[in-house]
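In this text the structure is predicted, and so the values were computed from the model without any measurement.
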Amino acid sequence: MKTIGGNTIRTWDTTNLKAILDEAAANNLAVIAGFYVPESRYLDHFYRDEKKVEAQYNAFRSVVLRYRSHPALLMWCLGNEVDFPYSPEYNRFYAVYNRLLDMIHTEDPDHPVTTAMINYQLRNVMNIRLKISGLDLLSFNTFGDLKKLDKQLSSNDWLWNGPFLISEWGIYSPQESRTTAWSAPIEPTSTEKAKYYHEFYTKYLPVNNPRFLGALTFYWGYKSEVTPTWYSIVDQHGAKTALVQEMESCWTNRLPQHPAPEVERLLINGKQPVDNIFLSPDTVQTAELKLTTTDTSRLRILWEVTDEDFDPGYIANMHVYDAGITPQNSARITFRSPSKEGPYRIYSWVYDKYGNIATANTPFYVIENKDKNTDTRITAYKH
């Protein structure tokens, strides 16, 4: 992070906080330390349980007392996307939240406190103003809606005219992307993501708003959410996607000495994801990476076929299918489709010798041809 021009990181909770703060200080980076706060909807599960509430209060207070003087600490973030409803039934949530906020300000008056919400939601901002006392700034986790954020903040400055932070931002989220007929989100290649990032950074960050404190790119590291590559700026071994180089270019005006491999798309039998790729079970299929360079001799290409949840969400453990991929390390391969009907995805990772990586994947659906009404069944899936 330091070498590409970054200056601040953010955590969602206090796991390994000491190690994070110490390493950040060693690299002259600041840390926004997050407290995990259960979502407001957990009234019976958490907020009406006095023992859990008191244990949380004591634990948070202990953390504040321990780290309030750490040189890397920039601010506290009390909750990530906890939501702030209006209904009086949530008064208990607000009482617990305000008590925590008061405690942090009392024990550590030197560091501001924020909270992170999903996009700019007028309802959330209104209820924070009505029911929360003492937040020093507001933070927004926003992706495609970054395009609207500056206008929303300016139009509603009568409600909140204080400082704000973009606590997560990046390219379009899976929820904002195009989908297949079976609702699988279509993921851009890592090359496309870098281009989106450049566009968002140069056109939509509200840099001319005097209340804007900064923005944190999501996600610095490797994270499996919907897919293992959607939000991952690096892979699990540290290989860097083009997004890292784009971040460095935006932050420092330095161009990469060795640009990451570029991938235009991943095709199955010549079809793109938007074509809604339906395959017969247990049959040989073709997949091909469209690269911008024809010389692949110095590239290492890995392939993988995995199953996928019919309703994509947070994927923790995907089953890797033995697809008989051949030849290995090639931009064009054959693979055998799974025998079981359902949604799947084929992935490709392209490595160069400089520690860079390109990623691409394409969803497909295996549909059994049990009768002569296959066309009718496919039409049903599309609707």
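- Remark: side-chain polar atoms of D49 are paired, donor with acceptor, to backbone N or O of K51 under 3.5 angstrom.
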*asked:* Working note: E168 + R10, criterion salt bridge (charged side-chain N to carboxylate O under 4.0 Å, His left out); need CA distance, chi angles, decisive distance, verdict.
replied: CA-CA 9 Å; E168 289 179 15; R10 171 188 170 224; 3.4 Å; yes
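- Enclosure of atom OH in Y86 is not indicated, since only 12 or fewer non-hydrogen atoms of other residues, nucleotides or ligands lie within 6.0 angstrom.
- Counting non-hydrogen atoms of neighbouring residues, nucleotides and ligands closer than 6.0 angstrom, the CZ atom of R123 exceeds 12 such neighbours.
- Taking CE from M117 and CD1 from I128, the interatomic distance works out to 3.5 Å, rounded to the nearest 0.5 Å.
- The two residues A239 and I357 make their nearest non-hydrogen contact at O-CG2, 3.6 Å.
- Surrounding NZ of K131 are more than 12 heavy atoms belonging to other residues, nucleotides or ligands, all under 6.0 Å away.
- Checked against a 6.0 Å centroid threshold, the rings of F143 and F218 count as neighbours.
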*Under the side-chain contact (heavy atoms from CB on, under 4.5 Å) criterion, do I186 and S177 qualify, and how do the steps go?*
CA-CA 6 Å; I186 298 172; S177 300; 5.7 Å; no
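- Checked against the 6.0 Å centroid threshold, W169 and Y219 do not count as a close aromatic pair.
- Checked against the 6.0 Å centroid threshold, Y351 and W349 do not count as a close aromatic pair.
- Annotation for L21 and L73: closest pair CD2-N, 4.1 Å, computed over non-hydrogen atoms.
- Donor-acceptor pairing under 3.5 Å is recorded for the side chains of D22 and H70.
- Judged purely by distance below 3.5 Å, without hydrogens or angles, the side chains of E288 and T286 never pair a donor atom with an acceptor atom.
- Note that CD1 of I346 is 5.5 Å distant from CH2 of W303, once rounded to the nearest 0.5 Å.
- A donor-acceptor pair is defined here as one N or O able to donate and one able to accept, closer than 3.5 Å; no such pair exists between the side chain of S190 and the backbone of A242.
- Ring centroid separation for the pair Y36 and W12 does not come in under the 6.0 Å cut-off.
- The ring-ring contact (aromatic ring centres under 6.0 Å, His included) check on Y47 picks up F93, with sequence neighbours excluded.
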*asked:* side-chain hydrogen bond (donor to acceptor under 3.5 Å, both in side chains), that's the test. Do D136 and H111 meet it? Break it down for me.
replied: CA-CA 9 Å; D136 301 293; H111 293 98; over 6 Å; no
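- Of the charged side-chain nitrogens involved, at least one lies within less than 4.0 Å of a carboxylate oxygen, so that E50 and R92 count as a salt-bridged pair.
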N/O donor to acceptor pairs below 3.5 angstrom from side-chain atoms of residues 207-215, sequence neighbours left out:
from	atom 1	to	atom 2	distance (Å)
N209	OD1	R211	N	3.0
N209	ND2	D150	OD1	3.3
R211	NH1	W160	O	2.9
R211	NH1	G162	O	3.0
R211	NH2	L153	O	3.4

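- The heavy-atom pair separating A30 from L74 by the smallest distance is CB-CB, 3.9 Å.
- Aromatic ring centres of F84 and Y90 lie farther apart than the 6.0 Å criterion allows.
- Checking each of N16, T15, T11 against D13 for a side chain to side chain donor-acceptor pair (under 3.5 Å) leaves exactly one that passes, namely T15.
- Going from atom CZ of R129 over to atom CG of L135 covers 10.0 Å, rounded to the nearest 0.5 Å.
- With 3.5 Å as the limit, one finds a donor-acceptor pair spanning the side chains of S173 and E176.
- Remark: side-chain polar atoms of T229 are not paired, donor with acceptor, to backbone N or O of T359 under 3.5 angstrom.
- Annotation: side chain of I32 is in contact with side chain of C77 (closest heavy-atom distance under 4.5 Å).
- The two residues I171 and P188 come nearest to each other via the heavy atoms CD1-CG, 4.4 Å.
- Side-chain N or O atoms of E81 include none that pairs as donor or acceptor with a backbone N or O of N141 at under 3.5 Å.
- By the 4.0 Å N-to-carboxylate-O rule, K193 lies close enough to E187 to be salt-bridged with it.
- For K147, the NZ atom counts as densely surrounded, since its 6.0 Å shell holds more than 12 non-hydrogen atoms of other residues, nucleotides or ligands.
- Summarising the geometry, atom CG belonging to L289 is positioned 9.5 Å from atom OG1 belonging to T189; distances are rounded to the nearest 0.5 Å.
- Although no hydrogens or angles enter the test, the distance criterion places no donor-acceptor pair under 3.5 Å between the side chain of Y344 and the main chain of S337.
- A donor atom on one side chain and an acceptor atom on the other are not found under 3.5 Å apart for N161 and D157.
- Checked by atom type and distance alone, the side chain of T191 pairs as donor or acceptor with a backbone atom of V263 at under 3.5 Å.
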*Yes or no on ring-ring contact (aromatic ring centres under 6.0 Å, His included) for F278 and W182, after CA distance, side-chain angles and deciding distance?*
CA-CA 10 Å; F278 291 90; W182 56 96; 5.3 Å; yes
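- Using modelled atom types, no side-chain atom of S249 and backbone atom of L255 make a donor-acceptor pair closer than 3.5 Å.
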*Any chance you could lay out the ring-ring contact (aromatic ring centres under 6.0 Å, His included) test for F164 and Y120, step after step, and finish with the verdict?*
CA-CA 11 Å; F164 66 92; Y120 184 97; 9.1 Å; no
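- For the atom pair NZ of K2 and CD1 of I9, the computed distance is 12.5 Å after rounding to the nearest 0.5 Å.
- Relative ring orientation between F335 and F364 is described as tilted, the plane-to-plane angle lying within the 30° to 60° band.
- The closest side-chain donor-acceptor pair between Y197 and T217 falls under 3.5 angstrom.
- Applying the salt bridge (Lys or Arg N to Asp or Glu O under 4.0 Å) test to every pair with at least one member in residues 358-367, sequence neighbours left out, gives no pairs at all.
- Using a 4.0 Å cut-off between charged nitrogen and carboxylate oxygen, D102 and R99 do not count as a salt-bridge pair.
- Of the possible polar contacts, none joining the D108 side chain to the I104 backbone as a donor-acceptor pair under 3.5 Å is found.
- Dense packing is recorded around CD of E89, with more than 12 heavy atoms of other residues, nucleotides or ligands lying under 6.0 Å away.
- Interatomic distance, R345 CZ to E308 CD, rounded to the nearest 0.5 Å: 4.0 Å.
- Applying the 4.5 Å side-chain rule to ILVMFWY residues, one finds that I118 remains a lone member of its cluster.
- The 12-atom threshold is not exceeded at NZ of K290, counting heavy atoms of other residues, nucleotides or ligands nearer than 6.0 Å.
- Between the side chain of S330 and the main chain of P327, no donor-acceptor pair closer than 3.5 Å is present.
- Residues passing the salt bridge (charged side-chain N to carboxylate O under 4.0 Å, His left out) test with R48, sequence neighbours excluded: D44.
- Within the structure, every pair that satisfies the salt bridge (Lys or Arg N to Asp or Glu O under 4.0 Å) test and touches residues 235-261, not counting sequence neighbours, is listed here: E248-R254.
- Side-chain atoms of T334 do not come within 3.5 Å of backbone N or O of Q285 as any donor-acceptor pair.
- Minimum interatomic distance between T241 and A260 (heavy atoms only, all atoms of both residues): C-CB, 4.4 Å.
- What you find for A72 and L29 is that their closest heavy atoms are CB-O, 3.8 Å.
- Ionic pairing of D110 and R68 is not present here: no N-O contact between side-chain nitrogen and carboxylate oxygen is shorter than 4.0 angstrom.
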